[in-house]
K.L.:
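Handing you this structure, nothing more for now.
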Amino acid sequence: MRVPFLDLRASYGELQEEIEAELLRSVRSGWYVGGADVEAFESNFAEFAGAHHCVGVSNGLDALRLALRSLEVGPGDEVIVPSNTFIATWLAVSECGALPVPVEPDVATYNLDPEKIAAAISPRTKVVIPVHLYGQPADLDPVLELARERGLRVLEDAAQAHGAHYKGRPIGSHGDLVAWSFYPGKNLGALGDAGAVTTNDQVLADRIRLLRNYGSSQRYVHELRGYNCRLDPLQAAVLRVKLRHLTEWNVRRSRIARRYTRELAGCGLVLPYVPDWADPVWHLYCVRHPQRDHFRKRLSEAGVETLIHYPIPPHLQKAYAGLGYKRSALPIAELMAETLVSIPIGPALSEEQVDHVISTIVRTSNEPNGAGC
Ligand SMILES: *Cc1c(COP(=O)(O)O)cnc(C)c1O
């Protein structure tokens, strides 16, 4: 049996008729930038995320970048970011000319450790970016409280957390701004690049609307030095269909995660830890294994595809060599890069495929050099 890491073609097949009808309708409308499809998706997604405003943009990196620009982050400013995130979180800060200041995660949740943020604040700090990594909500209340005390703004990176809840409320408006990606592999994915920012702040929402469209709300009148970072109406039409199925697809992911957590307990793996205030959406199911590469090889031989999120932390990437970090500078991020492995999870995975993943891991851990199950 083959278990692909993520089967986007199977997911597409499930909604094919609905999506193709909407695409055809959108193409035939004669409206190819902005317009009703974009506005309808923005309104639906704002409601889903429990936010007053949603601004559709071109992708997740641009969502972060425009959000930072709307907060007037620029050269000389510092922005606190997790040491263990997809590099886009850091790149958005660098692109604004500001300095990403990494803070190590909590080793149990893999999310930003509120206790370590205070030590990283300097007079130049303007924004903190908690990332809801792997679909697990970060502990927002202590971050929001600290930000209020120290006059900082909070921008959440929710690129992996569509539908996640923190203390019973959907991710989407806890911080000042929330950035989303609809990259095809995310829980809510377009058929190409797409993104959005949600917020309850009308002023910031208006500013991001300007920034995404050449700094202009009236044709050929430019209030800001903006960008062309608009959400494509065809992607908006697709996203509107997929949003209707997102909750059900997240439930499927949760069921698989529950099985993994129950049936892989005691197999020598460090399984994901979920605090009682968190309702995650299992964008990824990441485990830690002391002999990670051997473990991956055994799974691969059984047809089970795994990936590493992420093999090199941002501070050790060549792109950030200029910041001068040495190995061991951020040990938790480095430990994660060395030991984490993501096993298949997704809405298209069958019961039999999940059985196969579990039985393969149990068998592997009962081998002479396994951890025992
Ligand atoms: C995917 C992702 C992004 C970037 O989104 P794109 O749409 O690919 O630009 C940003 N942050 C995190 C945590 C992500 O997973």
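Please read all numbers here as calculations on a predicted model, not as lab measurements. Both ligands and their constituent atoms are indexed starting at 1 by order of listing.
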K.L.:
Between OG of Ser181 and CG of Asn59, what distance do you get to the nearest 0.5 Å?
P.N.:
7.0 Å

K.L.:
Could you check ligand 1 for N or O atoms lying under 3.5 Å from protein N or O atoms and list the pairs with distances?
P.N.:
from: ligand 1; atom 1: 5 (O); to: Ser181; atom 2: OG; distance (Å): 3.2
from: ligand 1; atom 1: 7 (O); to: Gly60; atom 2: N; distance (Å): 2.8
from: ligand 1; atom 1: 7 (O); to: Ser181; atom 2: OG; distance (Å): 2.6
from: ligand 1; atom 1: 9 (O); to: Gly60; atom 2: N; distance (Å): 3.3
from: ligand 1; atom 1: 9 (O); to: Leu61; atom 2: N; distance (Å): 2.9
from: ligand 1; atom 1: 11 (N); to: Asp157; atom 2: OD1; distance (Å): 3.3
from: ligand 1; atom 1: 11 (N); to: Asp157; atom 2: OD2; distance (Å): 2.8
from: ligand 1; atom 1: 15 (O); to: Gln160; atom 2: NE2; distance (Å): 2.8
from: ligand 1; atom 1: 15 (O); to: Lys186; atom 2: NZ; distance (Å): 2.7

K.L.:
Could you measure the distance from the CD1 atom of Ile121 to the CG atom of Leu146? Nearest 0.5 Å is fine.
P.N.:
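Ile121 atom CD1 to Leu146 atom CG measures 4.0 Å (nearest 0.5 Å).
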
K.L.:
State, without any angle test, whether Glu14 and His245 hold a side-chain donor-acceptor pair at a distance under 3.5 Å.
P.N.:
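His245 and Glu14 do not have a side-chain donor-acceptor pair below 3.5 Å.
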
K.L.:
According to the interplanar angle, ranging from 0 to 90°, do the rings of Phe45 and Phe182 count as parallel (below 30°), tilted (30 to 60°) or perpendicular (above 60°)?
P.N.:
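Phe45 and Phe182: perpendicular rings.
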
K.L.:
Determine the sole option in Leu64, Val154, Asp201, Ile208 for which the side chain to side chain contact (heavy atoms under 4.5 Å, CB included) test with Leu177 is passed.
P.N.:
Ile208

K.L.:
So is Arg288 actually on top of Tyr110's ring, under 6.0 Å and inside 45° of the axis?
P.N.:
no

